[in-house]
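Since we're looking at a predicted model, the values are computed, not measured.
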Amino acid sequence: MAQAEWTRIFQNKVDDLNKGDYWRLQFDDRIVPNSPNQGWKQYIRNTGARFRCTRCGRSWPSNKAMVVFHMQLIGGQGTVKMRRMRQNCKKCSAAPMEIPSITSENIDILLENLVEKIREKCYHEDLGRGNKPFVNLEVKSPHEPAH
């Protein structure tokens with residue numbers, strides 16, 4: 001899904017916050033899981049996605065496609081940096097790391113859960129509920145963390 005689609009869905013979700021703050025979504029492949037910069041909050045979530053090897057054309061589903069969000073709110077300006085973690089083909093040697101293709105439905109669920117985390121972590125609201133589950137894909141082989 002194109003970055004513009006992520007941004008559009010994100011803006012629709014944060015507009016519902018009605019807090020008077022401006023939020024923006026940035027794609028940043030430099031953010032590191034479990035290492036947010038000082039003053040930033042983190043939210044990490046796995047989702048279902050498909051990957052395609054640009055070397056051999058093989059595609060595979062994964063329910064362990066990780067998306068990392070780092071968020072910060074300062075003086076009415078909110079920023080969310082996000083990174084879709086990549087996977088590589090287990091059939092090719094020296095295969096490139098590929099960006100996941102995530103369905104619109106799972107993007108919507110991810111961003112809905114993200115806005116809940118913004119409410120909890122940036123506005124200190126106690127919502128008392130867990131994450132909405134993503135739509136699982138049928139996966140025939142186990143996840144291989146080395147890839």
field: From CA spacing to verdict: side chain to side chain contact (heavy atoms under 4.5 Å, CB included), R55, C89
entry: CA-CA 9 Å; R55 177 174 255 172; C89 182; over 6 Å; no

Using the rule that Ile, Leu, Val, Met, Phe, Trp and Tyr join whenever any side-chain heavy atoms are under 4.5 Å apart, tell me whether [X] and [Y] fall into a single cluster.
X: F51; Y: W6; answer: no
X: Y22; Y: L17; answer: no
X: I107; Y: V115; answer: yes
X: F27; Y: L111; answer: yes

field: Sub-4.5 Å side-chain heavy-atom contact between Q42 and H70
entry: yes

task: May I ask you to test the L110-I9 pair for a side-chain heavy-atom distance under 4.5 Å?
output: no

field: Derivation of the side chain to side chain contact (heavy atoms under 4.5 Å, CB included) call for K13 and L114
entry: CA-CA 9 Å; K13 301 278 184 201; L114 170 64; over 6 Å; no

query: Can K91 and W60 be said to form a side chain to side chain contact (heavy atoms under 4.5 Å, CB included), step by step?
result: CA-CA 11 Å; K91 302 287 187 200; W60 65 96; over 6 Å; no

Least distance between heavy atoms, [X] atom then [Y] atom:
X: V68; Y: I31; value: O-CD1, 3.7 Å
X: N63; Y: N46; value: O-CB, 3.9 Å
X: P96; Y: T54; value: CG-OG1, 3.4 Å
X: D28; Y: R83; value: O-CB, 3.4 Å
X: I102; Y: G48; value: CG2-O, 4.0 Å
X: Y123; Y: D21; value: OH-OD2, 2.5 Å

- prompt: Under 3.5 Å, is there a donor-acceptor pair between the side chain of K41 and the main chain of I118?
  reply: no

- prompt: Distance-only, no hydrogens or angles: does the Q11 side chain make a donor-acceptor pair with backbone N or O of W23 under 3.5 Å?
  reply: yes

- request: Inspect the surroundings of CG in D126 and state if more than 12 heavy atoms from other residues, nucleotides or ligands are less than 6.0 Å away.
  value: no

message: Check this for me: does any side-chain nitrogen of one of E98 and R52 sit under 4.0 Å from a carboxylate oxygen of the other?
response: no

What distance separates [X] [atom1] from [Y] [atom2], expressed to the nearest 0.5 Å?
X: N37; Y: K81; atom1: CG; atom2: NZ; answer: 6.5 Å
X: R50; Y: T103; atom1: CZ; atom2: OG1; answer: 11.5 Å
X: M66; Y: M85; atom1: CE; atom2: CE; answer: 6.5 Å

- prompt: Is the NZ or CZ atom of K117 both under 6.0 Å from the centre of the six-membered ring of F69 and within 45° of that ring's axis?
  reply: no

field: Verdict with supporting geometry, F10 and M82, side chain to side chain contact (heavy atoms under 4.5 Å, CB included)
entry: CA-CA 11 Å; F10 175 77; M82 70 164 282; over 6 Å; no

